[in-house]
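Everything below concerns the one structure shown next.
All values below come from the heavy atoms of this structure, side chains included, with hydrogens, waters and symmetry mates left out.
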Amino acid sequence: MEESVIMKDAPFSAPRIEAVEPEAQRHMMSLLMAQRVAFMQEMPVPAAIREHRVDRLLVLLLKHADEFAEAMRLDYGHRSRMLSMVTDVQGCLPSVTHTRSKLRAWMKPTRVSSGPMGWVGGRAWIQWQPLGVIGIISPWNFPLALAVQPLAQALAAGNRAMIKTSELTPLTSDLLARRVADYFDPTEIAVITGGPQVGAAFSALPFDHLFFTGAPSIGRHVQRAAAANLVPVTLELGGKSPVVIGPDADFARAAKAVAIGKTINVGQVCLSPDYVYVPAGREREFAAAMQAAFAKLFPTLRDNDDYSAIVTPRHHARLLDYLDDARRKGATLIEVNPAGENFAGQPFRKIPPTLLLNVTPEMKVMQEELFGPLLPILGYHDIDEVIAGVNSRPRPLATYYFGAPGSAACRRYLDRTHSGGAVINDAVLHAIVEDLPFGGVGESGMGNYHGRAGFETFSHARGVVKAPRLSPMLLMAPPYKRLEKLIGWMHARELRAAERRLGKAVIRPGAGTIHP
């Protein structure tokens, strides 16, 4: 997924607080303690205060949008200004405003059944309590949006927050730290900047919850560090998100959707389409459709302000190495360069969209999350071959199917594969549906946010019971002999019901499925 405060391919051992300067370590711990004291003094956190904090966050975003877009452009060497506005500023607004509009409703206790107690006046409900101080580790690929979105939901849930930003986008990180200090007291929100050692120490702080967006390799270390303090974690990771072009798909429509999804931040997105399955024998037909789609979006590349650069020289070199490795091992590379531009000696780190045919499993492009404008295209003969291929890899953050939604192939693919989210006939679209929980599964992450799911992630679901006048607990008082008849009657009743259900069901041998 998006890489975090530590580069994905940088060495990273288990976080050690002693690796950080003692003064920096004391500063982070003192901020955490100050936020925790302020949080406890404020409890319970009224809706009006939560709304006020979210509104301040909105004003911060809107008043300083141009500053942030310029900072991101400079951090990347070149990043499309409009891309930054759409993804990191405007892209945040629906999420933040939705959170602002719903937080009062989400705060209300959730009534649940109290069982037989309800007959005699018992009641049960869930009280949504803020957890306290939330740690947020944000990445470099959307350095504003992926700090602000979880922050808004943490504030809506009534929490304080500390944010560790990426050192790979230092200008944006410094700007966010300054602007947050303009709008918030450090006991409400504090932004921490610094390198990998600071990030390691940050992940080892005793937060009430730690939210991490980044690479799976770093997520393991973050979880290990948090475990030392029994800190619960949400890990938003990534992986190789597959695209499946069904036999009945419209190639032109699918290629356009994949091209748009692939060129958002030139593929430096956790949800970016990573590789494509196409009906066997039609790989070059789909490659031609992709070439046409890319060319329409970007008739020029080298000096096109809309086409962004790779974030660092190291990541640029990593992608070129993937291409060299694939070429050496027999892949066919199709560089989409409509204007025939020369990228040698360019002032920025731009790589043209590149399609790869005849790829094999041992190539790096099929082993690593690409995080760039490279797109392998594979052929398949039937949907079960696709399912086996997808299931042979770690579970991805997303998958995209193109074809008739009601077809047997589509249903079978969605039923027999796992992914954090899925979209039919588009790519990345599910990330902007605020009422859908967003998150990974397996190696692509754990936990969810967006909408109510985010509010609940940053809340404690406290179960509360109001006892009836005649409490069922009286039945637990000895002598227990008087319970024997009641328990015997209950067991006999449930046994008869279960046996009746089993008698009406037929189990197909070997299938593990019960059919009525």
Side-chain angles (χ1 to χ4, degrees), residues 3-8 10-42 53 57 60 67-68 71 74-75 131-140 143-144 146-148 150-151 154-155 159-215 218-233 312:
E3 308 206 23
S4 70
V5 291
I6 304 153
M7 292 181 65
K8 183 177 181 180
F12 183 78
S13 58
R16 294 182 302 130
I17 291 183
E18 63 266 27
V20 185
E21 290 293 327
E23 187 59 34
Q25 179 183 333
R26 286 194 295 270
H27 174 64
M28 286 191 289
M29 185 61 78
S30 66
L31 278 173
L32 173 58
M33 292 300 103
Q35 288 199 0
R36 182 161 289 144
V37 168
F39 168 77
M40 294 305 298
Q41 290 174 342
E42 189 178 52
R53 287 176 179 146
L57 187 60
L60 184 159
E67 285 182 88
F68 281 111
L74 295 172
D75 276 331
L131 291 170
V133 180
I134 307 300
I136 298 171
I137 301 178
S138 61
W140 54 263
L144 183 62
L146 294 179
V148 165
L151 173 62
L155 295 176
N159 299 286
R160 312 293 174 111
M162 291 172 61
I163 305 170
K164 170 63 182 74
T165 55
S166 174
E167 78 277 7
L168 299 187
T169 48
L171 297 176
T172 308
S173 294
D174 289 344
L175 178 60
L176 181 61
R178 294 198 308 273
R179 292 295 168 248
V180 164
D182 290 341
Y183 288 84
F184 294 92
D185 188 86
T187 61
E188 295 176 297
I189 305 172
V191 176
I192 306 297
T193 61
Q197 291 80 16
V198 174
F202 185 91
S203 64
L205 292 172
F207 293 110
D208 296 294
H209 193 98
L210 183 59
F211 186 97
F212 170 82
T213 303
I218 309 304
R220 289 184 173 88
H221 296 294
V222 169
Q223 185 175 20
R224 186 179 298 119
N229 292 305
L230 295 180
V231 175
V233 297
T312 66

Do the side chains of Ile192 and Ile163 get nearer than 4.5 Å, heavy atoms only?
-> no
Roughly how far apart are Arg160 CZ and Ile189 CD1, rounded to 0.5 Å?
-> 9.5 Å
Distance in Å, Arg179 CZ paired with Leu57 CG, rounded so as to fall on 0.5 Å steps = 14.0 Å
Can you name the closest pair of heavy atoms from Ser173 and Ser166 and give their distance?
-> OG-O, 2.8 Å
Is any side-chain heavy atom of His209 less than 4.5 Å from a side-chain heavy atom of Asn159?
-> no
Closest contact, heavy atoms only, Gln35 versus Ala190 = NE2-N, 3.6 Å
Does Phe212 have its ring centroid less than 6.0 Å away from the ring centroid of Phe202?
-> no
Where Ala71 and Leu175 come nearest, the two heavy atoms and their spacing = CB-CD2, 4.1 Å
Are side-chain heavy atoms of Met29 and Pro206 found at a separation under 4.5 Å?
-> yes
Between CG on residue Leu176 and OG1 on residue Thr193, distance to nearest 0.5 Å | 10.0 Å
Measuring from Phe68:CZ to Leu144:CG, what's the distance to the nearest 0.5 Å?
-> 5.0 Å
Side chain of Gln223, backbone of Val233: donor and acceptor closer than 3.5 Å?
-> no
Within the distance-only criterion (no hydrogens, no angle test), does the side chain of Asp75 pair as donor or acceptor with the backbone N or O of Thr172 below 3.5 angstrom?
-> yes
Distance-only, no hydrogens or angles: does the Ser138 side chain make a donor-acceptor pair with backbone N or O of Leu146 under 3.5 Å?
-> no
Hey, does Met162 have a side-chain heavy atom less than 4.5 Å from the side chain of Leu205?
-> yes
Roughly how far, to the nearest 0.5 Å, is OG1 of Thr187 from CG of Leu32?
-> 12.5 Å
State, to 0.1 Å, how close Ile136 and Leu210 come at their nearest heavy-atom pair, and which atoms those are.
-> N-CD1, 4.5 Å
Closest heavy-atom pair and its distance - Pro143, Ala147 = O-CB, 3.9 Å
Side chain to side chain donor-acceptor pair (under 3.5 Å) with Arg36: which residues, sequence neighbours excluded?
-> Asp208
Glu188 (side chain) donor-acceptor with Ala161 (main chain) under 3.5 angstrom = no
Do Thr165 and Val191 touch side chain to side chain, with heavy atoms closer than 4.5 Å?
-> yes
Just by distance, do the side chain of Lys164 and the backbone of Gly194 share a donor-acceptor pair under 3.5 Å?
-> yes
Shortest non-hydrogen contact from Leu60 to Tyr183?
-> CD1-CD1, 3.9 Å
In this structure, CG of Leu74 is separated from CG of Leu171 (nearest 0.5 Å) by 6.0 Å
